[in-house]
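One structure is given here, and the rest of the page talks about it.
To find a chain, count down the sequence lines: A is the first, B the second, and so on, and within it residues start at 1.
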Amino acid sequence: MLTASSDNQLRWLSITLFGLVVALSLLPCLRLLSEALSHWDRGLDAPLLSILQNPRTWVALQNSLYTSGLGTLISVVLGSGFAFVLTLTNIRYRALWIFCFMLPMMIPPQVTALSWLQLFGPASPILNTLGIAPALGSPQPMYSAEGIALLLGIQHAPLVFLALRSQLICLPKDLIEAAQLSGASQWRLWIDMIVPLSRNAIFAGAAIAFVSALGNFGIPAMLGIPAGYSVLPTLIYQQMAGFGNDVLSEVASLSMLIAFLVLIGMLLQQWIQQRSSYSLIGHSAQPASFRLGKWRIPTQILLCAVLCLILIAPLAALMISSVVPALGVPLTADTFTFAAYNEMVNNQGSTARAFTNSLLLASLAALLLMIITLPLGYRLMRLSLKARAVIASLIEVPYAIPGIVLAIAFILLFSRPIPIINVTLYGTLTLIFLAYLSCFLSVCLKPVMSALSQLDPALEEAAQIAGATPIQRLINIVLPLISPAVFAGGLLVFLIAVNELTVSALLWSAGNETLGVLIFNLDESGDSILASAISVLVVVLVASLMALLSLLAPRLPKGVIPWHC
Amino acid sequence: MALLTLNQINKSFNGQNAVSDLNLSIEPGAFVALLGPSGCGKSTTLRMLAGFEKVSSGSIFHGGRCLSNATTHVAPENRDFGMVFQSYALWPHMSVMENIAYPLTIKRVDRATKQKRIQEALAIVQLEPYADRSPAELSGGQRQRVALARSLVTEPEVILLDEPLANLDRHLRATMEETFRTFHKRTGATMVYVTHDQSEAMSLADQIAVLKNGQLIQWASPQSLYQQPRTAWLADFIGRGSVIRMQPSDEVQPGRKVEQSLIHQQLVLPHTPSQGVDVLIRPQSVCLHPSLGISAKVTQCIYRGGHFDVELSLPSSQTLLAYHDTPLAVGETLFATVQEGWSLEPDHD
Amino acid sequence: MALLTLNQINKSFNGQNAVSDLNLSIEPGAFVALLGPSGCGKSTTLRMLAGFEKVSSGSIFHGGRCLSNATTHVAPENRDFGMVFQSYALWPHMSVMENIAYPLTIKRVDRATKQKRIQEALAIVQLEPYADRSPAELSGGQRQRVALARSLVTEPEVILLDEPLANLDRHLRATMEETFRTFHKRTGATMVYVTHDQSEAMSLADQIAVLKNGQLIQWASPQSLYQQPRTAWLADFIGRGSVIRMQPSDEVQPGRKVEQSLIHQQLVLPHTPSQGVDVLIRPQSVCLHPSLGISAKVTQCIYRGGHFDVELSLPSSQTLLAYHDTPLAVGETLFATVQEGWSLEPDHD
Amino acid sequence: QETLTLYTSQPNTDAQQTVDAFEKANPDIDVEWVRDGTTKLMTKLRAELASGVVKPDVLLIADSVTMESLAADNYLYAYQSPAREAYADSLYHPEGYYYGTKIITTGIVRHKRAPETPKSWADLTKPEYKGQLVMPSPLYSGAALIHLATLTDAPELGWNYYEQLQANGAMAQGGNGGVLKAVTSGSKPYGMIVDFLAIREAAKGSPIEFTFPTEGVSMVTEPVAIMEGSKNKAAAQRFVDFLLSKDGQALVLEQGYLPAREDAGVPAGFPQRDAIKLLPFDAAGTLKSTDENKSRFSDIFGG
Ligand SMILES: Nc1ncnc2c1ncn2[C@@H]1O[C@H](COP(=O)(O)OP(=O)(O)OP(=O)(O)O)[C@@H](O)[C@H]1O
Ligand SMILES: Nc1ncnc2c1ncn2[C@@H]1O[C@H](COP(=O)(O)OP(=O)(O)OP(=O)(O)O)[C@@H](O)[C@H]1O
Ligand SMILES: [Mg+2]
Ligand SMILES: [Mg+2]
């Protein structure tokens, strides 16, 4: 009797979850695949083949791999550096640092790029005052593959940071102590113990960063087009900008190429990770912590400098450009105006709608994904290594392919009423919501999986022997232990989704605009000042929401709110 | 209350056998110890009983119910057993009290009973003042006691204990042993107790299974294990003593008691038979005397808290272990009588 | 090689004292045991020695070098100590071999020596076949042995061992104890050994510090600890025995040996003084005799692998513990002589 | 109440004004509109068409080449609007598939602090402009592609002109918005850009200046068209008629664009109509040479 019900619970859970994964991840991918494979009858002229024959595809592929690879490296260095310092050391104002490090994700990368171009360009106010500004029109080092990689790296560093942090806060102290006693210097401790012990999380973070970089359009569009440097997402956009009628199949084919890359990359990652997987034993020990000693001040200065570059400078640029009357007008006491804010607030309709829509979509997606990924990750961990690797990689694909292509897949799938239930989702917020779920599932799942893989199985076994059913164990034991990872996943989703542009751009319709779409449309139609004003409002709003979350912290397990320590 | 049987159990990890051809039949309400050296497969056996490891072959029955075999596997949560883990496996996110309360919560025990049971369990392991601490703030032994309390609190039908007292001092250990005894008497639960400590096994269990390299060496009561061990290795593992080599005869054969006179006959001979039967002599059957018995030379004398271990060299150049209350000078010659011996099977491995 | 001194050490966690006013002075090359019940502060003391916990007050010196006091704190990696952790603290991402090799790698020991040392260490703990396993694939005792090998492999000047043998069987334990002894002899390292097991402490250590509730109860050699314990609690903790109450007199005073005649005088009296001095009588000083001594009634007789524990009730209604080789019937009356006793201080707590 | 669905690439505020004005004039019709860049809008539309759904009734998008491609695939409905009399032949499709509603030209913008004042396209190849020019990339922007096709078809410019631009360090940005930012912020002092963006921003006080080059300018006409699959053709026709009407064109003028209707006057900041020389343009031909133009451009500029 008991057996049956608990087995049923399991079966029910598995079937629902895998059904969901299929619906969310596999369906759009399959639809794109069928689109890519269309027109086979045309032989060598078939879209997929003509794409594969085009040398520009391969150049873009190479470029994509280079920029994403380098970008990932930068993200890992930056993100893990911050995670290590902010989680494991006795640095002061830790909460503030963490809080600030989350925010660069909220600033559109184009803004960061532009602010840097201005900061180090001919018109730079700072460099001009110092008299070392480059001549008008002199070449900009940012317009290059490395420039793209740098920006990608910065943009995605918080992904690595959050994925890693949730792991580091349960790093058992005694393992570190044992190494200290062996005489390992601080440096060796990092290299030999902390990095390998948090390797799963670093891999997970690197994987999200890589996949994000691979699918990113905004940064290569900003910095790559002027340099004549194309990557797969910009190539896809090129394809769309034509007037041809094979657009969809070509775009789908290119996306399948990205999907293919991701699958290979993820399988590789899983393979490396599984060959050396281990779980921690015990967990009862205190978490580790280091003293910085005389390095405290220099470290703080370094952090401050980095934050200035990636947060303060772009944010300042954004603020300045939101309070001038027109582009290019220098900010003085005379020119200062709140007109843009006025306009946005008075033009309430779409602004308020966009805010509500985006906040609603982002928080619901984050919440639902947090709820889904826990049992999903838990079930995945129980599959055979191979099955797990394949499923986990498939989940990755929707996030990796550029959002606009995912949106195409959703249009193709949902523009007609859904058979049987006869409901049209197209043109509703629900469809954008579904697309978000599909897109961000992997973002949320990664940290959860890495946390699960390090859990001591005995902790769950102890609950099992107490008679707890899988669901009870999941809620009472597994969830509290990995809640920092779950919440980190949710937070990542929220931060990415609240500004999300490309998916919603194609799926929106009147009344369903999102913040990303609103800002982009304003920007594109030349109303950059209004766009800046909204961007500033978004940053302020999200920051205050995050601050509000701190109020919840005392009721949540330790480590759940990253900036509350 | 039902019989717990293990039939021809095998378990291998990556092709290496951890448990081989194990047969045990544990009476309902029995107190059974699994004893053996480190790495012999005790924990693995226990984990198969609990259901955390599947059997590679063989089957486990509880009464008429098949718990595990090649095709069936009842999940641990459906076996209704209790267990203490060797690594404690305390939930770090719960306080001591919550750790202990969890199994009761799962069983939906009502509030009042729950409170009562928790208090009792805390009292048993003497951790009342620590109820609100988190496991990370406890000493090693305190953690072990929490794990113990957690396993007893629901009073399951079968309790599996994996070295539950390894980190406790002799005193607390005695108290806990007493707790186990009374608990066992009161609830009539079947208890399977893994330990590496023969004296613990001896004083607690009705029946002891001694394992070595995954194989069952002997399955017997404590007294017969001590007095009539099957092999020399077992004799040595279970208690102290010396083994002498004797000429086989009708009376000197594996599995037989050997009389004083026969032993003395052998020991006064100036040489040891190169082949023969091994006979175990426990130090308690060796009496030292200033003038009576076989002459023996003291080769070592070590203080062991309360008595001295005396190693004696005999005319046959065999050695004997004896106990003595006062120190003896190394090199001193005195006389020994051996009251009885036990002939052993040869070891196979 | 230098003296290790702890001066007035205090350590509190969240306001609760784990160690109070501890003074110890450990000779270079000594083998010292910290003994005490669970939660008494042994691990905490060891961790302060290693440098993982700061002292709340007091100071620790190694030779002339101050390791810890209110202002200074030498980091653990600069103390050059070895340690076995109670939780083993094996690095899960390294194989057994790599775990053991790591301290050597850090010390930049050359390749050949390193290989040799690792092989030696593996041999000492009898884990050669397991060199390439990961810690998760080992049994509890095997993990403990890896931790042990790792701490010994660099031959540091001071080795701290936190219950290093708790999960090993008696046999392996004896082997390991022997290993400690030879290692200690060979390297002359100072060894500080935490254990809850008095017989382990007794047989290994030159000096034993007994702790209780964070306080030092006695600091003495094993023999004098057994024979001349300071308090009744300690007497009980260290070994078995009975405590009888005697009328104080010039000869019966805390810290003095009590003669047979005095004890017999007291024990034949029909009543016990309500106030008086507690006198410890170890079971070894009690001899049972069919006709000689104080008449006594057997109230309990338990088999303890090799001998029987006999509890005797005396005319003064006090009880005595004795050992006997053969079982005695409960209720039987016989005679006992007590060879000597030791008067104890009253316990304060 | 009828509903009409409009897909448009007009800027947000303009789209809103257009819809408001139409609804005011036709209270019985409710307009639902979707705005996005032409590229995304077309992608969306293509995806919808591929799954057999026709969402919009009316399209109002930047260029006629796109319309031409839709017409070729039979997605457009031919409607002979009575208002076409007032328009030049080149501004609408002879069979009535689409009608241009305004004229958006691409010219030259300069930062006011820039040392030179370019008068013609040819000026931009001079050494003084080395590394100083920014332009939208035809690989990513439909309007820029038309601009490319127009200039390369002009006998005095041709492909040779683009090669010279490349040699002179001209930089291609993603779109017109990017060009505007680059020039206003001073990171590149000169740019190729659509007229209204620059003229409007300059009117707000931005330190920039727009020039119609002497050789002539390329143009897009922001045509309006009715979808073949539209379920509400009557309302759609009323929408087209409204845009082409005097009132509709007055609104265009008010928004700061050059209306397509010749009798409608010019907005502030623009020179007189006859002072603007339009280069000849063939939508159908451009459609055919699209791929060739793109790959030739990317051979020259990379990407
Ligand atoms: N991190 C901590 N926070 C709070 N209390 C602690 C902490 N660590 C230890 N204690 C407490 O300090 C006391 C001494 O602990 P310690 O670990 O030294 O005991 P121990 O003698 O090693 O015991 P055992 O034999 O059980 O390991 C215990 O009561 C324990 O609960
Ligand atoms: N997960 C595993 N993978 C591979 N081998 C394992 C695994 N678990 C245990 N073993 C091996 O199986 C054998 C038996 O292990 P088990 O844990 O049952 O020993 P044990 O009798 O409990 O020993 P101890 O007293 O040291 O805890 C050991 O040699 C061990 O190395
Ligand atoms: Mg074990
Ligand atoms: Mg301890």
> So which part of F81(B) gets closer than 4.5 Å to some heavy atom of chain A, the side chain, the backbone, both or neither?
Replying inline: both
> Are side-chain heavy atoms of E77(B) and R473(A) found at a separation under 4.5 Å?
Replying inline: yes
> Can you list the steps and then say if E461(A) with M83(B) is a side chain to side chain contact (heavy atoms under 4.5 Å, CB included)?
Replying inline: CA-CA 10 Å; E461(A) 288 173 354; M83(B) 179 158 172; over 6 Å; no
> Quick one: which residues of residues 103-124 of chain B reach chain A at under 4.5 angstrom, heavy atoms only?
Replying inline: P103(B), I106(B), K107(B)
> So which residues of residues 33-46 of chain B are in contact with chain A at a heavy-atom cut-off of under 4.5 Å?
Replying inline: none
>> Please identify, among A462(A), A458(A), P480(A), the residue contributing the most non-hydrogen atom pairs under 4.5 Å to chain B.
In response: A462(A)
> Any donor and acceptor pair, going by atom type alone, linking the side chain of H93(B) with main-chain N or O of N476(A) inside 3.5 Å?
Replying inline: yes
> If you look at every heavy atom in Y102(B) and A463(A), which pair is closest and at what distance?
Replying inline: CE2-CB, 4.0 Å
>> Ignoring hydrogens, what is the shortest heavy-atom contact between A50(B) and I465(A)? Give both atom names and the distance.
In response: CB-CD1, 3.7 Å
>> Could you measure the distance from the CZ atom of R79(B) to the CD atom of Q464(A)? Nearest 0.5 Å is fine.
In response: 9.5 Å
>> Please give me the minimum heavy-atom distance between W91(B) and L459(A), naming the atom from each residue.
In response: NE1-O, 2.6 Å
